Amino acid sequence: MDLGVLALQGDFAEHAHALRRLGHNPVEVRLPRDLEGLAGLIIPGGESTTIGKLAVKYGLMQPLRVFAQTRPIWGTCAGAIFLSQDARRPQPLLGLMDITVARNAFGRQVDSFETDLDVPALAEVEAKTARGNGQPGPRPFHGIFIRAPLIERAGPGVEVLARLPGPGGGQGPIVAARQGRLLATAFHPELAADDRFHRLFVSLARGEV
Amino acid sequence: MEQEQQVGTVALKRGLAQMLKGGVIMDVVTAEQARIAEDAGAVAVMALERVPADIRVHGGVARMSDPEVILAIMDAVSIPVMAKCRIGHFVEAQILEALGVDYVDESEVLTPADEEHHVDKHAYKIPFVCGCRNLGEALRRIGEGAAMIRTKGEAGTGDVVEAVRHARSVLGDVRRLITMADAEVMAFAKEIQAPYELVKETKALGRLPVVNFAAGGIATPADAALMMQLGVDGVFVGSGIFKSGDPARRAKAIVEATTHFRDARLLAEVSRNLGEPMVGRSAASLSETEMLAGRGW
């Protein structure tokens, strides 16, 4: 399957590697014409301001919104910000997902962190598609949060896929969400040695989940 | 489920550099310049008191910038802020960490504080970028804990020739290493004076274990695309932007050239009408003592 990775800026090569590991053909997207024939698109980590400005300058905003009407888009970190409706500051956003994000929500680089996340939807997708090659049963997903945003608000049509643990074991902020065929993660599955989120995205592109 | 958070890990340090790939990091000396850089699409800014071209003119000892300047720039923008410490000046590095900068550049552009040792970069929670002229130097810096590498070039000249020399040297040596028999790797490590384990890792990966940007002399969109086509992951532009006639316009053009680095028609388009480039100074006209790239061991 031909799957696009927005290659304006950021760690698009890491997403391309993950897609290749799963047997798909990653296509770098820099201009609207590059979207042709793709079954889905990943917007990588990077600087959301840079990606947004380049998307506006090279006429990608409207083509990406049209693309999302029929095919999945997954945004990681900067990509999740770019998919959102509101980042609480003026910068170009696709506004496709009914979420509000807070940029650099945890602070600066010194506050970046890694932690294990409980993501029930990954176990479901493995069971449904029977393509999982990892260990069976629920296991945590290792989240790498680098100057990460968080999802402050998720609208009624948005399914929460993962949260950080809150104080006293309660529910913390949202860090992964799905709205139909759109997927947003505040962390970087492309930097983890775990392809389950990429497999979820492939399943979305196939219309399996 | 036990959910502990780890901070300051190698993955987080190298990971931030991975997020900067395909981007332009710009030297800025004021909050105003930092905002211009962010508006132009910079992925990060390097907060300085003086750009390298002015350090050359000014002479004297070049040190870490006044924290006041760095903090003003950190307040002004939402993108990562880097700052320079002198080679081997581990206390300047401690101060930059305390300020909360996102990346420290242990830089040959400042006057070295130690002529034998670099900073032990493993000891910090924040990541470091270091300059190199060849693969051996790159791997020594990574061995000391650098999470990102940049080729040195010759800062403050606007002459790209040294950046090309250093990128060709590093990337050429990686290509040579990849084709070597395993039995030849130890002798190669000895020849280039690099840690054996990192030489092996580079061979296995087929590239440096960390992100590698180009720096030192990049002044035009064509220069940036040249370095990208040579195979670096992104570019630093120091004096080339704010020493030019129309910084905002040139900054945007260099950002666009770095993204569309293989598209000559777009490069032609973004190169039009940029006004005066920085005046520059050919690297060949510099005396031995004026060359900054020789600093670092």
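From a predicted model like this one, the values you see are computed outputs, not experimental measurements. Within every chain, numbering begins at 1; the chains are lettered A, B, ... in the order of the sequence lines, protein sequences first and strands thereafter.
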Item to check | Region of A:Leu191 that comes under 4.5 Å of a non-hydrogen atom in chain B | outcome: side chain
Checklist entry - Between B:Ile79 and chain A, which part of the residue has a heavy atom less than 4.5 Å away: side chain, backbone, both or neither? => result both
Item to check | chain B contact via A:Ser112 - side chain, backbone, both or neither, heavy atoms under 4.5 Å | outcome: both
Item to check | Which atoms of B:Val81 approach chain A - backbone, side chain, both or neither, heavy atom under 4.5 Å | outcome: both
Checklist entry - Which atoms of A:Glu190 come close to chain B, meaning under 4.5 Å heavy atom to heavy atom: side chain ones, backbone ones, both, or neither? => result side chain
Item to check | Residue pairs fulfilling side chain to side chain donor-acceptor pair (under 3.5 Å) with at least one residue in residues 200-215 of chain B, sequence neighbours excluded | outcome: B:Arg207-B:Asp233
Next on the checklist: Give me the atom names and distance for the closest heavy-atom approach of A:Phe113 to B:Val7.
Outcome noted: CB-CG1, 3.9 Å
Checklist entry - Do any of residues 26-38 of chain B have a heavy atom less than 4.5 Å from a heavy atom of chain A, and if so, which, in residue order? => result B:Glu38
Checklist outcome for this item: Under 4.5 Å to a heavy atom of chain B? For A:Tyr58 that would be side chain
Checklist entry - Hey, is the main chain of A:Phe12 close enough, under 3.5 Å, to the side chain of B:Gln18 for a donor-acceptor pair? => result no
Next on the checklist: Checking B:Thr259 against A:Arg30: is there a side-chain donor and acceptor pair closer than 3.5 Å?
Outcome noted: no
Checklist entry - With distance as the sole test, does A:Asp11 use its side chain to make a donor-acceptor pair with the main-chain N or O of B:Met19 at under 3.5 Å? => result no
Item to check | Donor-acceptor side-chain pairing of A:Glu114 and B:Thr9 below 3.5 angstrom | outcome: yes
Item to check | Main-chain N/O of B:Gly100 paired to A:Arg108 side chain as donor or acceptor, under 3.5 Å | outcome: yes
Checklist entry - From A:Ile146 CD1 over to B:Arg14 CZ, what is the distance, rounded to the nearest 0.5 angstrom? => result 12.5 Å
Checklist entry - Using non-hydrogen atoms only, which part of B:Val77 is less than 4.5 Å away from chain A: side chain, backbone, both, or neither? => result neither
Checklist outcome for this item: Bottom line for B:Ala42: the part with an atom under 4.5 Å from chain A's heavy atoms is backbone
Next on the checklist: Assess whether a salt bridge exists between A:Glu14 and B:Lys21, defined as any Lys/Arg side-chain N lying under 4.0 Å from an Asp/Glu carboxylate O.
Outcome noted: yes
Checklist entry - Of the backbone (N, CA, C, O) and the side chain (C-beta and beyond), which part of A:Ala78 lies under 4.5 Å from a heavy atom of chain B, both, or neither? => result neither
